[in-house]
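Below is one structure, written out as structure tokens, with a few remarks after it.
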Amino acid sequence: MSSEQDVETKYQVAQSNPPVIAAPTIANPGPLGLCGFALTTFVLSLHNAGAGLPPTSPHGVVTGLAFFYGGLVQLLAGMWEFKTGNTFGATAFSSYGGFWLSFGLIFIPGANITGSYAGNTAILDKSLGYYLLGWTIFTGIMLVASHRSNVGLISLFFFLFITFILLTAGKLNESINCQVAGGALGVVTALIAWYNALAGLLTKDSSHFLLPIGRLN
């Protein structure tokens with residue numbers, strides 16, 4: 001019996017622990033998403049505010065930004081936020097990336113979205129008002145969800161919420177004054193988004209100074 005145990009021991013394969021594989025490092029996608037949102041919002045808001053041009057003038061130049069920087073890049077930032085485990089950031093960036101993609105598509109002639117209204121601008125404005133109303137509600141939800149994050153992020157969603165309210169009112173009531181006010185607040189919103197982006201870029205490892213964002217959690 002002992003000889004059999006010796007044979008088994010001789011040919012027994014030693015069990016080894018599996019090697020520890022380090023998780024891949026994921027960079028912070030927040031500043032990228034914020035910059036994509038800020039620049040696209042800034043350019044459109046200048047048009048809405050009538051900065052150096054009539055507030056009702058075409059804003060076709062925004063379409064390229066809406067598709068790529070505000071849309072695609074921000075959507076990708078949202079997907080990367082999922083990878084980091086940040087549900088709030090993933091929801092925000094993915095949703096507003098979708099907003100800019102859908103907004104840009106509205107004004108693509110080949111999509112025939114505006115053309116389907118057959119020149120009835122009153123009905124088109126009502127439809128755009130309902131479209132903006134939906135995004136106003138979503139932004140209100142995100143504002144509530146951000147209440148324990150930091151002052152910078154809360155300020156961003158607060159001003160964006162008011163911006164959407166004014167733009168929605170402008171379309172539903174055919175009010176240029178509401179549109180201009182919404183454009184002005186949109187510029188403020190874009191500047192706040194850029195500030196938050198810069199605060200995320202200036203880390204202890206990459207900068208000699210940091211920007212305060214007023215953390216609440």
Side-chain angles (χ1 to χ4, degrees), residues 29-78 92-117 119-139 142 156-157 159-198:
L32 175 62
L34 286 166
C35 285
F37 173 83
L39 180 54
T40 314
T41 301
F42 181 75
V43 176
L44 177 61
S45 295
L46 289 176
H47 283 76
N48 286 333
L53 74 174
T56 56
S57 61
H59 48 68
V61 70
V62 181
T63 303
L65 282 172
F67 268 107
F68 292 98
Y69 201 34
L72 178 60
V73 169
Q74 196 174 179
L75 179 62
L76 290 173
F93 290 137
S94 300
S95 297
Y96 288 114
F99 163 75
W100 283 117
L101 287 169
S102 64
F103 181 84
L105 185 64
I106 292 173
F107 300 99
I108 292 293
N112 198 37
I113 295 176
T114 56
S116 66
Y117 288 85
N120 192 333
T121 56
I123 299 299
L124 174 60
D125 283 345
K126 290 291 184 182
S127 293
L128 288 172
Y130 296 148
Y131 170 82
L132 292 171
L133 177 61
W135 285 105
T136 303
I137 295 171
F138 173 76
T139 303
M142 298 305 292
L156 171 61
F157 281 101
F159 279 96
L160 181 60
F161 181 59
I162 303 301
T163 297
F164 270 123
I165 289 177
L166 291 170
L167 294 178
T168 300
K171 289 299 181 183
L172 292 179
N173 300 308
E174 298 181 3
S175 172
I176 297 298
N177 290 333
C178 284
Q179 176 188 317
V180 171
L185 280 182
V187 172
V188 175
T189 302
L191 294 176
I192 295 174
W194 265 321
Y195 179 91
N196 280 279
L198 181 58

Among all residues two or more places apart in sequence or in another chain, which pass the side-chain contact (heavy atoms from CB on, under 4.5 Å) test with [X]?
{"X": "A169", "answer": "N173, C178"}
{"X": "P54", "answer": "T56, S57"}
{"X": "I113", "answer": "L105, I106, A111"}
{"X": "L124", "answer": "T114, Y117, L128"}

Hey, can you pull the donor-acceptor pairs under 3.5 Å for the side chains in residues 187-198, sequence neighbours left out?
unit_1 : atom_1 : unit_2 : atom_2 : d
T189   : OG1    : F159   : O      : 3.4
T189   : OG1    : T163   : OG1    : 3.4
T189   : OG1    : L185   : O      : 2.9
Y195   : OH     : P212   : O      : 2.7
N196   : ND2    : G152   : O      : 3.2
N196   : ND2    : I192   : O      : 2.8

Any residue meeting ring pair (Phe, Tyr, Trp, His ring centres under 6.0 Å) with [X], in chain and number order, not counting sequence neighbours:
{"X": "F161", "result": "none"}
{"X": "F107", "result": "H59, F103"}
{"X": "F93", "result": "none"}

All N/O donor-acceptor pairs, side-chain side in residues 29-42, below 3.5 Å, sequence neighbours left out:
unit_1 : atom_1 : unit_2 : atom_2 : d
T40    : OG1    : G36    : O      : 2.9
T40    : OG1    : G70    : N      : 3.2
T41    : OG1    : F37    : O      : 2.7

Apply side-chain contact (heavy atoms from CB on, under 4.5 Å) to the pair L166 and Q179, showing each step before the final yes or no. CA-CA 6 Å; L166 291 170; Q179 176 188 317; over 6 Å; no
Quick one: salt bridge (Lys or Arg N to Asp or Glu O under 4.0 Å) pairs with a partner in residues 42-65, sequence neighbours left out?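 For residues 42-65, and leaving out neighbouring residues, there are no salt bridge (Lys or Arg N to Asp or Glu O under 4.0 Å) pairs at all.
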Qualifying salt bridge (Lys or Arg N to Asp or Glu O under 4.0 Å) pairs, either residue in residues 170-181, two or more places apart: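 Found D125-K171.
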Any residue meeting side chain to side chain donor-acceptor pair (under 3.5 Å) with T168, in chain and number order, not counting sequence neighbours: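 In terms of side chain to side chain donor-acceptor pair (under 3.5 Å), with neighbours along the sequence ignored, T168 is linked to T136.
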Minimum-distance pair of heavy atoms, taken over all atoms of A184 and A49: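 That closest heavy-atom pairing would be N-CB, 3.8 Å.
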Once rounded to the nearest 0.5 Å, what's the spacing between atom [atom1] of [X] and atom [atom2] of [Y]?
{"X": "Y96", "Y": "Q74", "atom1": "OH", "atom2": "CD", "answer": "9.0 Å"}
{"X": "W100", "Y": "F68", "atom1": "CH2", "atom2": "CZ", "answer": "15.5 Å"}
{"X": "L133", "Y": "I165", "atom1": "CG", "atom2": "CD1", "answer": "9.5 Å"}
{"X": "L167", "Y": "S45", "atom1": "CG", "atom2": "OG", "answer": "7.0 Å"}

